[in-house]
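In what follows, chains are A, B, ... by sequence order, proteins preceding strands, each numbered from 1.
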There are 2 protein chains.
Amino acid sequence: MQIDSVNIGQTASAAVIIYEALKKAIIEGQLKDGEPLRQDEIARMFNTSRIPVREALTMLEQQGLVATQRYKGAVVAGISPDEAAEIWDFRALVEGRVIEMAVPRMTPETLAAARAHLEAFSNAANPVEWGDHNRHFHTTLYRDSALAYHLGIVEKTLDRVDRYLRAQLSLSNGVARANAEHEAILAACEAGDAARAAELTRRHILGAKANLLDLLSRG
Amino acid sequence: MQIDSVNIGQTASAAVIIYEALKKAIIEGQLKDGEPLRQDEIARMFNTSRIPVREALTMLEQQGLVATQRYKGAVVAGISPDEAAEIWDFRALVEGRVIEMAVPRMTPETLAAARAHLEAFSNAANPVEWGDHNRHFHTTLYRDSALAYHLGIVEKTLDRVDRYLRAQLSLSNGVARANAEHEAILAACEAGDAARAAELTRRHILGAKANLLDLLSRG
DNA sequence: TTATCGGTTATTGGATACAATATGCAAGAG
DNA sequence: CTCTTGCATATTGTATCCAATAACCGATAA
């Protein structure tokens, strides 16, 4: 007998489910910097014991999203202006390289997907959507680089600062400027000009950095 | 009353102790690629239950040092030639930037410490010592950059590939060539030539990459 | 022979119970 | 009143036990 094989999604463990939910809440800013994460409380939310909760918190700590102190618990890890500045520099360095490697391999499908995110971004109406489409626009342009390690680092870095990225986009001129810069980056990709796409990406990120530092310094 | 305060080292949890021990064993190559890590076997080694072992394995998985399958356990994560090539490219990119930022801030103490590692490296007699002194030579030159995020990523990346770095150094001309290149890098740092130190570091890493790929392809 | 089925064992995932530590408060000494 | 001290409580860290799943192996039928 021959039947269609269905990809059994390898049902995730409770620890992973909790991890993903907490990560999403932190990334989207629903959990504020410094907010304590009580094992017992989270366990009750998910109808589990504290064991998988602890595993989830361990994962989040490894990613720098929470900070833990022995016998005192975990809190959502914030970020200082200095760290923010450094991380945006890091992004400019790595994402510039990644897009440069991606452009020569970029497919029409990828370009179309990126344009869809670009348009969705410019039509979006709230910070969560801005953040999502902005991020997906960029990572879509990166994926054809096929640089798995680089892409993993980029994703982890974006997870770490996603909250601040959203806040920066929400500034007065944030979305409009990002939109114009996205258009330019996409045009360079469509033209197959890797060096230009890289340079525009670096400028885009460093411009956002300046915007963000202004925001952070004003409180 | 006034007494000397002693820094109580915040005794580490069992999970962290196990994590560090396993990490060291993997990094130094005592645990081979693909070797399974049984929870209760490790628990017996450390006279603990499996709970802290699982936390340690979770941490190692987040760092990419082990790969886990649900209900099947964890194995030491190996690396493919493609991944190796990509990671060495990443190192060249990031470490080049880091040393460039470090040179203008580099203190005489740092330079002296780096020279000590350089000499210890050239006098070392076995792969473990080569690896340690090689790594410390480079990270010493990076530290004055004060780029905490970059340095964290560099350390994690080195952890991921330390085994292969050691193997590459052990090739016929590995140590001699590395030694000569280290001298040149250190000279550029002492001369305050940041751009040259960065370029030499990139070349050093990319040269090692070619060496390693040769090793991996030959088996 | 070879493929499939059933059960046995080994191993991991998770729940409950207990131990270790920190925090807050109230009582008492100065 | 202020500071210390000791206890009560809250929270985390770990051990033990049970549940879920995978791997192995022998028996059986085509």
Side-chain angles (χ1 to χ4, degrees), chain A residues 1-3 5-23 25-26 31-32 34-77, chain B residues 1-3 5-23 25-26 31-32 34-77:
Chain A
M1 185 173 66
Q2 181 80 11
I3 62 172
S5 77
V6 176
N7 196 344
I8 305 287
Q10 191 80 319
T11 55
S13 65
V16 170
I17 292 171
I18 296 169
Y19 161 71
E20 309 250 345
L22 290 177
K23 185 168 92 166
I26 294 172
L31 292 168
K32 305 297 182 191
E35 184 153 337
L37 302 171
R38 304 267 173 241
Q39 296 175 5
D40 199 14
E41 183 183 352
I42 297 167
R44 275 196 303 272
M45 284 184 193
F46 289 89
N47 281 313
T48 68
S49 74
R50 282 164 41 223
I51 300 291
V53 174
R54 289 173 58 85
E55 272 192 51
L57 291 174
T58 299
M59 292 186 236
L60 292 167
E61 183 176 22
Q62 289 297 311
Q63 308 217 353
L65 290 174
V66 312
T68 304
Q69 273 190 303
R70 188 166 158 79
Y71 293 119
K72 293 180 71 174
V75 299
V76 177
Chain B
M1 185 174 68
Q2 181 80 11
I3 63 172
S5 76
V6 177
N7 196 343
I8 305 286
Q10 192 81 320
T11 55
S13 66
V16 171
I17 291 171
I18 296 169
Y19 160 70
E20 310 239 327
L22 289 177
K23 184 168 94 166
I26 293 172
L31 292 169
K32 305 297 181 191
E35 184 154 336
L37 301 171
R38 303 274 171 232
Q39 293 176 6
D40 69 351
E41 182 182 354
I42 297 167
R44 276 196 302 273
M45 284 183 191
F46 289 90
N47 281 311
T48 68
S49 74
R50 281 165 42 223
I51 300 291
V53 174
R54 290 180 49 175
E55 274 193 42
L57 291 175
T58 299
M59 293 187 234
L60 291 168
E61 183 176 22
Q62 288 297 310
Q63 309 219 353
L65 289 174
V66 311
T68 303
Q69 273 190 303
R70 189 164 157 81
Y71 292 118
K72 294 179 69 175
V75 299
V76 177

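Phosphate contact (OP1/OP2 of C:dG13, side-chain N/O of B:Gln39, threshold under 4.0 Å): present. For the pair B:Lys72 and C:dT12, the criterion of a side-chain N or O lying under 4.0 Å from OP1 or OP2 is not met.
Axis deviation across the helix from C:dT1-D:dA30 to C:dG30-D:dC1 amounts to 10°, comparing end segments of five pairs, rounded to 10 degrees.
Among residues two or more places apart in sequence or in another chain, the side-chain hydrogen bond (donor to acceptor under 3.5 Å, both in side chains) test is passed with A:Gln63 by A:Tyr19, B:Gln62. Checked against side chain to side chain contact (heavy atoms under 4.5 Å, CB included), A:Val76 has the following partners two or more places apart in sequence or in another chain: A:Ile26, A:Leu31, A:Asp33, A:Glu35, A:Leu37, A:Arg163. With sequence neighbours excluded, the residues satisfying side-chain hydrogen bond (donor to acceptor under 3.5 Å, both in side chains) with A:Arg44 are A:Asp40.
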Taking only distance into account, with no hydrogens and no angle test, what donor-acceptor pairs under 3.5 Å do side-chain atoms of residues 45-60 of chain B form with protein atoms, sequence neighbours excluded?
| residue | atom | partner | partner atom | Å |
| --- | --- | --- | --- | --- |
| B:Ser49 | OG | B:Ile51 | N | 3.3 |
| B:Arg50 | NE | B:Gln39 | OE1 | 3.1 |
| B:Arg50 | NH2 | B:Gln39 | OE1 | 3.2 |
| B:Arg54 | NE | A:Glu55 | OE2 | 3.4 |
| B:Arg54 | NH2 | A:Glu55 | OE2 | 2.6 |
| B:Glu55 | OE2 | A:Arg54 | NE | 3.0 |
| B:Glu55 | OE2 | A:Arg54 | NH2 | 2.6 |
| B:Thr58 | OG1 | B:Arg54 | O | 2.8 |

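Spacing between atom CZ of A:Arg44 and atom P of C:dA15 amounts to 14 Å, rounded to whole angstrom units. Rounded to whole Å, the distance from OH on B:Tyr19 to P on D:dG13 is 17 Å. If you take CG of B:Asp40 and C1' of D:dT16, they are 13 Å apart, rounded to a whole angstrom. Following rounding to the nearest Å, A:Ile51 (CD1) and D:dT16 (P) show an atom-to-atom distance of 13 Å. C:dT16 atom P lies 11 Å from atom CG of A:Asn47, rounded to whole Å.
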With the criterion being N/O to N/O and under 3.5 Å, what pairs connect the protein with nucleotides 6-10 of chain D, and how long is each?
none

Please list, for nucleotides 18-21 of chain C, all pairs of protein and nucleotide N/O atoms separated by less than 3.5 Å.
none

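The stretch residues 52-62 of chain A touches DNA chain C through A:Pro52, each having a heavy atom under 4.0 angstrom from the strand.
Taken from NZ in A:Lys72 to CD in A:Gln69, the straight-line distance is 4.5 Å, to the nearest 0.5 Å.
Closest approach of A:Thr68 and A:Ala74 over heavy atoms only: OG1-CB, 3.8 Å.
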